[in-house]
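Keep in mind the model is a prediction, meaning the values are calculated, not measured.
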Amino acid sequence: MNVPHSWREALSRAVDSPSFARLASFVEAERAEHEVFPPREDVFAALERTPPTHVRAVLLGQDPYHDVGQAHGLCFSVRRGTALPPSLRNVFKELKSDLGCDAPGHGDLGAWAERGVLLLNSVLTVRAHAAGSHRGRGWEQFTDAVLEHVCTAPHVVFLLWGKDARDKAKRIDTRRHGIVECAHPSPLSARKFLGSRPFSRANAALREQGQAEIDWSLPS
């Protein structure tokens, strides 16, 4: 598993650790026996699309979508032409309610990544049709290392959606960084997610630190 060059130095300790080697072996063994998402080339897409010097916000999810053709390495995102998963439909409902931004007619959140939003899951791979199947195998330690490096920046806002993401809050220095915690946008917890206004709260946290707001609108 090849971590993008822009992150390699920052994550060298994590990548060179025995636990990462065991994780890589586990994922390869899973790919040999099962269908695993996302494809190899997309596992680190979030890091590829948002280099460490560009990170202004982190949107943290759980693990990738586990149905065919959905996961492409950016949390909550699907490629253009892919039917919107229920969680993403709820994200767009809240985006409209919170900021008045219309849904773009597709599910690709790549524009957010280009604007400095690191679209990271806590776990970066999953077996097909088996949600949570790669938890506890080492991804959590790796994504902890990503967050720890992000926390060395002067000010970043962290959007933590769902229990797995909120469990990462203890690793964030709230004296320097903003945290916006919400329920997960899945249908099981949508009642709590809808109305939580995560996007405007994130921009408010950035303004408080003298940072520019993020443009959360998405091109059609």
Side-chain angles (χ1 to χ4, degrees), residues 37-38 42-43 45-46 50 55 57-79 82-99 101 103-104 106-113 117-137 139-144 146-147 150 156-172 174 177-205 214 216 218:
F37 302 132
D42 290 332
V43 170
T50 313
V55 178
V58 178
L59 174 52
L60 191 63
Q62 296 180 175
D63 59 349
Y65 294 125
H66 56 84
D67 284 338
V68 175
Q70 293 181 322
H72 68 123
L74 306 180
C75 73
F76 297 104
S77 180
V78 294
R79 296 189 190 280
T82 303
L84 300 186
S87 294
L88 186 54
R89 289 201 298 268
N90 287 330
V91 170
F92 287 157
K93 285 180 185 177
E94 184 58 22
L95 184 62
K96 175 67 173 179
S97 174
D98 188 6
L99 296 179
C101 299
H106 60 81
D108 189 345
L109 304 181
W112 290 354
V117 182
L118 181 60
L119 298 170
L120 187 70
N121 277 310
S122 298
V123 173
L124 300 189
T125 57
V126 69
R127 187 189 299 176
H129 315 302
S133 52
H134 287 188
R135 291 181 184 176
R137 295 291 184 165
W139 279 125
E140 293 87 351
Q141 290 87 343
F142 177 79
T143 53
D144 280 350
V146 173
L147 296 182
V150 170
V156 173
V157 61
F158 293 82
L159 294 88
L160 308 180
W161 293 359
K163 182 182 182 301
D164 287 5
R166 295 199 305 271
D167 285 347
K168 300 278 195 183
K170 59 182 176 291
R171 298 190 172 275
I172 300 167
T174 55
H177 306 293
I179 294 181
V180 176
E181 296 189 41
C182 298
H184 194 277
S186 77
L188 294 175
S189 51
R191 182 177 57 84
K192 295 180 180 179
F193 175 78
L194 296 173
S196 61
R197 305 191 65 197
F199 306 104
S200 59
R201 289 164 61 197
N203 278 347
I214 290 167
W216 291 101
L218 289 163

Test item: S122 side-chain N/O and G61 main-chain N/O as donor-acceptor pair under 3.5 Å = yes
Not counting sequence neighbours, which residues clear ring pair (Phe, Tyr, Trp, His ring centres under 6.0 Å) with F193? List them please.
-> W161
Output the distance between atom CH2 (W216) and atom CG (L95), rounded to the nearest 0.5 Å.
-> 9.0 Å
Identify the two heavy atoms, one from L119 and one from A46, that lie closest to each other, and give their separation to 0.1 Å.
-> O-CB, 3.2 Å
Does the side chain of D164 come within less than 4.5 Å of R135's, by heavy atoms?
-> yes
F76-W112 aromatic ring centre distance below 6.0 Å | no
Verify side chain to side chain contact (heavy atoms under 4.5 Å, CB included) between V157 and H177, making sure each step is shown before the conclusion.
-> CA-CA 6 Å; V157 61; H177 306 293; over 6 Å; no
Do L124 and P64 have side chains that get closer than 4.5 Å, going by heavy atoms?
-> no
Would you confirm whether S189, through its side chain, and H184, through its main-chain N or O, come within 3.5 Å as a donor-acceptor pair?
-> yes
Backbone N/O of L74 and side chain of S77: donor-acceptor pair under 3.5 Å = no
Expected output: side-chain T82 to main-chain Q70 donor-acceptor under 3.5 Å | no
Nearest-0.5 Å distance that lies between atom CD in E181 and atom CZ in R201 | 8.5 Å
Heavy-atom nearest pair, G178 first then A205, reads CA-CB, 4.5 Å
Pair L120-T50, side chain to side chain contact (heavy atoms under 4.5 Å, CB included): steps then yes or no | CA-CA 10 Å; L120 187 70; T50 313; over 6 Å; no
Heavy atoms, side chains only, cut-off 4.5 Å: are T143 and N121 in contact?
-> no
Here the gap from R166 atom CZ to L160 atom CG, rounded to the nearest 0.5 Å, amounts to 8.5 Å
With H134, which residues qualify under ring pair (Phe, Tyr, Trp, His ring centres under 6.0 Å), at least two apart?
-> F26
D63 side chain to G132 backbone, donor-acceptor under 3.5 Å = yes
Can you tell if the side chain of V126 reaches within under 4.5 Å of the side chain of Y65, non-hydrogen atoms only?
-> no
Working to the nearest 0.5 Å, report the span between CD of E94 and CG of L99.
-> 8.5 Å
Main-chain N/O of D144 paired to R171 side chain as donor or acceptor, under 3.5 Å = no
Straight-line distance of N90 CG to S97 OG, nearest 0.5 Å = 11.5 Å
Any side-chain heavy-atom pair of L159 and C182 under 4.5 Å | no
Check whether any side-chain heavy atom of L60 sits under 4.5 Å from a side-chain heavy atom of F158, and report yes or no.
-> no
Can you find a heavy atom in the side chain of V146 that is under 4.5 Å from one in the side chain of L118?
-> yes
Is there side-chain contact between Q62 and V123, with at least one heavy-atom pair below 4.5 Å?
-> no
L88 CG to D108 CG distance, which is reported to the nearest 0.5 Å | 10.0 Å
Over all heavy atoms of both residues, which pair between A183 and K192 is shortest? Give the atoms and the distance, please.
-> CB-CB, 3.6 Å
